[in-house]
Amino acid sequence: MNNGEKKNLKKSIMQICFSLYDCKLFLDTHPNCTEAINYYERLHNTFLRLHDEYNSKYGIISAYSSIENNDWNWNEGKMPWEGDD
């Protein structure tokens, strides 16, 4: 497993999540802005692609992933806060 690739993928997912949240806040006050809606859709599609890539390569990244996959193996392997060493 390439830890550098894993960290970069996780970082990209976190950046996309931040951007999605920020875009949602903007859309709260500008709900008819088609440019922002299209941007949000592109971000969301990118998030889904990266999220699926991470899940397939390294295991589930969030509790929501386990619900989607009906996969409850949280006790296997290291916990996220234990690091990637």
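Nearest heavy-atom pair across Cys33 and Leu27 is O-CD2, 4.2 Å. Counting all heavy atoms, side chain and backbone alike, Phe47 lies closest to Ile13 at CE1-CG2, 3.9 Å. The two atoms that bring Ile37 and Pro31 nearest to each other are CD1-O, 3.5 Å, heavy atoms only. A pairwise comparison of heavy atoms in His44 and Leu20 identifies N-CD2, 3.6 Å as the closest pair. In this structure, Ala36 and Cys23 approach most closely via the heavy-atom pair O-SG, 3.6 Å.
Residues meeting the ring-ring contact (aromatic ring centres under 6.0 Å, His included) test with Phe26, sequence neighbours left out: His30. Under the side-chain hydrogen bond (donor to acceptor under 3.5 Å, both in side chains) criterion, Glu53 pairs with Lys57, not counting sequence neighbours. Residues meeting the side chain to side chain contact (heavy atoms under 4.5 Å, CB included) test with Asn38, sequence neighbours left out: Glu41, Arg42.
Ile61 contributes atom CD1, which lies 11.0 Å from atom CG of Asp52 (distance to the nearest 0.5 angstrom). Note: Leu43 CG to Tyr21 OH = 15.5 Å, rounded to the nearest 0.5 Å. Summarising the geometry, atom NE2 belonging to His51 is positioned 14.0 Å from atom OG1 belonging to Thr46; distances are rounded to the nearest 0.5 Å. For the atom pair CD1 (Ile16) and NZ (Lys11), the distance works out to 12.5 Å, reported to the nearest 0.5 Å. Rounding to the nearest 0.5 angstrom, the gap separating the CE atom in Met14 from the OG atom in Ser19 is 12.0 Å.
At least one side-chain heavy atom of Glu5 sits under 4.5 Å from a side-chain heavy atom of Tyr58. At a threshold of 4.5 Å between non-hydrogen side-chain atoms, the residues Tyr54 and Lys6 count as touching.
Cluster membership check: Leu48 shares its hydrophobic cluster with Tyr40, using side-chain heavy-atom separations under 4.5 Å among Ile, Leu, Val, Met, Phe, Trp and Tyr.
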